[in-house]
Amino acid sequence: MKDILRPIYQERASQANTLGVLIIEKNKPVSPVTDNFDVILLVIVNEADQPWYVKHYEFDNKKAAMHIVDEQLLTYWIDTSTYRRAVEWVINGRIVFDRNEYVARLKEELSSFPQEKRELKMAMEFAKLTRSYSESKDLYQTEQYLDAYSRVIRSLHYLARLAIIEKGYHPEVVVWNQVKRIDIEVYKLYEEMINSTEEIKKRVELMLLALEFAISTRAKKCAAHLLEIMSSKTDAWTFGELKIHPAIEPYALDLSSMLEYLTEKGIIEPIREETKGKMIYHRKYRPATS
């Protein structure tokens, strides 16, 4: 298969802005990692006219897709988990061209998972988890039990991804097989939720308690990225200032729920500042001192 595709990727490899080429082959009948294509060619380039360009091919009753991706976009995908398949392509792909060992170094960085990138991803998943958990509680309290069940399953998915990142791994597309190997306690929560014979209402009630414990015990660790940013100045922050901070952009949409949860837990301290209006205050935030 590699030999058949060689002319296609060699043409790309000969171009000066191509940094590396990886090949990923389908290894099972249904393959979400390859979008069910038999082969993926990932071509990483520098300063492309289009950040992401895709071409499809057919050969010997097989299908191939070539993704030409600018390195800046690929880095964004990796750092923010925007396109998780790309992370697996880099980790598991076979290198067929590598200019100045660019791809080898990228693989090594993904394998080592530097602390600063891990903290960003933990903050992102934690922010999603706090929002989903809050929505689950609201649906349960308003007796929307089926919707609450669905939202709890989603919350468990975020918790699973968070558990994987905590252990120093990148979450794969197929999360639950991965988390079963890495964090059996989180996996058992998922099993309990879907296999329990209790009525839906009781299952949701019990799982909300388990989620609250799992979230609260991780809160400070998962907030490290946000707390470090907030500690970079002595003054308290307005929500608006935090929301537009470039480093927080990957989880800005879920920042409000994360901030409220951390405030409830005493990890972040709300500060009131007077306004011109009587008995109306600006609400600002800073890391709690205790």
Beyond-backbone contact of P51 with Q72, side-chain heavy atoms, under 4.5 angstrom: no
- prompt: Within a reach of under 6.0 Å around CD of E228, are more than 12 heavy atoms found that belong to other residues, nucleotides or ligands?
  reply: no
task: Would you please test H67 and Y83 for side chain to side chain contact (heavy atoms under 4.5 Å, CB included) and show each step?
output: CA-CA 13 Å; H67 293 253; Y83 193 55; 4.3 Å; yes
query: Can we say R154 and E135 salt-bridge, meaning some charged N sits less than 4.0 Å from an Asp/Glu carboxylate O?
result: no
field: Check: V175 and Y187 side chains under 4.5 Å, non-hydrogen atoms
entry: no
message: Using modelled atom types and a 3.5 Å cut-off, is there a donor and acceptor pairing between side-chain atoms of R99 and backbone atoms of T18?
response: yes
Rounded distance [0.5 Å steps], CD in E71 versus CG in N46: 4.5 Å
- prompt: Going by heavy atoms in the side chains, are Y53 and M66 under 4.5 Å from each other?
  reply: no
- prompt: Between W52 and W77, does the ring centre distance come in under 6.0 Å?
  reply: yes
message: Minimum heavy-atom separation for A214 and T217, please, with both atom names.
response: O-OG1, 3.1 Å
- request: Name all pairs fulfilling the ring pair (Phe, Tyr, Trp, His ring centres under 6.0 Å) condition that reach into residues 194-219, sequence neighbours left out, sorted by first residue then second.
  value: none
- prompt: Rounded to the nearest 0.5 Å, how far apart are OG1 of T130 and CG of L211?
  reply: 12.0 Å
- prompt: Honestly curious: do I153 and F126 fall in one hydrophobic cluster under the side-chain, below-4.5 Å linking rule?
  reply: yes
message: Is there a path of hydrophobic side-chain contacts, each under 4.5 Å between heavy atoms of I/L/V/M/F/W/Y residues, joining I78 to M124?
response: no
query: Looking at P287 and S231, what are the two nearest heavy atoms and their distance?
result: CG-OG, 3.6 Å
query: Would you say R272 has more than 12 foreign heavy atoms packed within less than 6.0 Å of its CZ?
result: no
query: Taking NZ, NE, NH1 and NH2 as the nitrogens, is one of them in E212 or K265 under 4.0 Å from a carboxylate oxygen of the other?
result: yes
query: Quick one: are I44 and L106 in side-chain contact, heavy atoms under 4.5 Å?
result: yes
- request: For the residue pair K63 and H56, establish whether any side-chain heavy-atom pair is separated by less than 4.5 Å.
  value: no
field: For V103 against G20, the heavy-atom pair lying closest together
entry: CG2-CA, 3.6 Å
message: Working to the nearest 0.5 angstrom, can you tell me the gap between I165 CD1 and S81 OG?
response: 6.0 Å
- prompt: Between atom CG of L129 and atom OG of S134, what is the distance when rounded to the nearest 0.5 Å?
  reply: 11.0 Å
message: Measuring from atom CZ of R218 to atom CG of L159, what distance do you get when rounded to the nearest 0.5 angstrom?
response: 5.0 Å
message: Closer than 4.0 angstrom, basic N to acidic O: yes or no for K284 and E241?
response: no
task: Measure the CD1-CG distance between I268 and L227 for me, rounded to the nearest 0.5 Å.
output: 5.5 Å
Residue pair I95 / A104: nearest heavy atoms and the distance that separates them: CD1-N, 4.2 Å
- prompt: Between M207 and I194, is there a shared hydrophobic cluster once you connect ILVMFWY residues whose side-chain heavy atoms come closer than 4.5 Å?
  reply: yes
- request: Apply side chain to side chain contact (heavy atoms under 4.5 Å, CB included) to the pair K26 and T34, showing each step before the final yes or no.
  value: CA-CA 6 Å; K26 180 180 178 182; T34 64; 4.0 Å; yes
field: Common cluster, I182/I184, ILVMFWY with side-chain heavy-atom separation under 4.5 Å
entry: yes
- line: Heavy-atom closest pair (L189 atom, A210 atom, distance to 0.1 Å) is CD2-CB, 3.8 Å
- request: Find out whether R84 and R161 are in side-chain contact, i.e. whether some heavy atom of one side chain is under 4.5 Å from a heavy atom of the other.
  value: yes
field: Minimal non-hydrogen separation, M258 against A123, with atom names
entry: SD-O, 4.1 Å
Give every donor-acceptor pair under 3.5 Å between a side-chain atom in residues 197-206 and any protein atom, sequence neighbours left out.
residue, atom, partner, partner atom, Å
R203, NE, E198, O, 3.1
R203, NH1, M193, O, 3.0
E205, OE1, Y140, OH, 3.3

- request: Determine yes or no for a side-chain-to-main-chain donor-acceptor pair under 3.5 angstrom, with K107 supplying the side chain and G93 the backbone.
  value: yes
query: Quick one: does W237's side chain have a donor or acceptor within less than 3.5 Å of a partner on M230's backbone?
result: yes
field: Greater than 12 external heavy atoms within 6.0 Å of N195's CG
entry: yes
query: How about Q15: does its CD atom have over 12 heavy atoms from other parts shown lying under 6.0 Å from it?
result: yes
- prompt: Are any non-hydrogen side-chain atoms of F37 and S31 less than 4.5 angstrom apart?
  reply: no
Common cluster, Y57/F97, ILVMFWY with side-chain heavy-atom separation under 4.5 Å: yes
- request: With the side chain counted from C-beta on, respond yes when K62 and V39 share a heavy-atom pair under 4.5 Å apart, and no when they do not.
  value: no
message: Could you check whether any side-chain N or O of W89 sits under 3.5 Å from a backbone N or O of V33, counting only pairs where one atom can act as donor and the other as acceptor?
response: yes
For a quick test of your reading: what N or O donor-acceptor pairs under 3.5 Å do the side chains of residues 248-255 make, sequence neighbours left out?
residue, atom, partner, partner atom, Å
Y251, OH, H225, ND1, 2.8
D254, OD1, R131, NE, 2.8

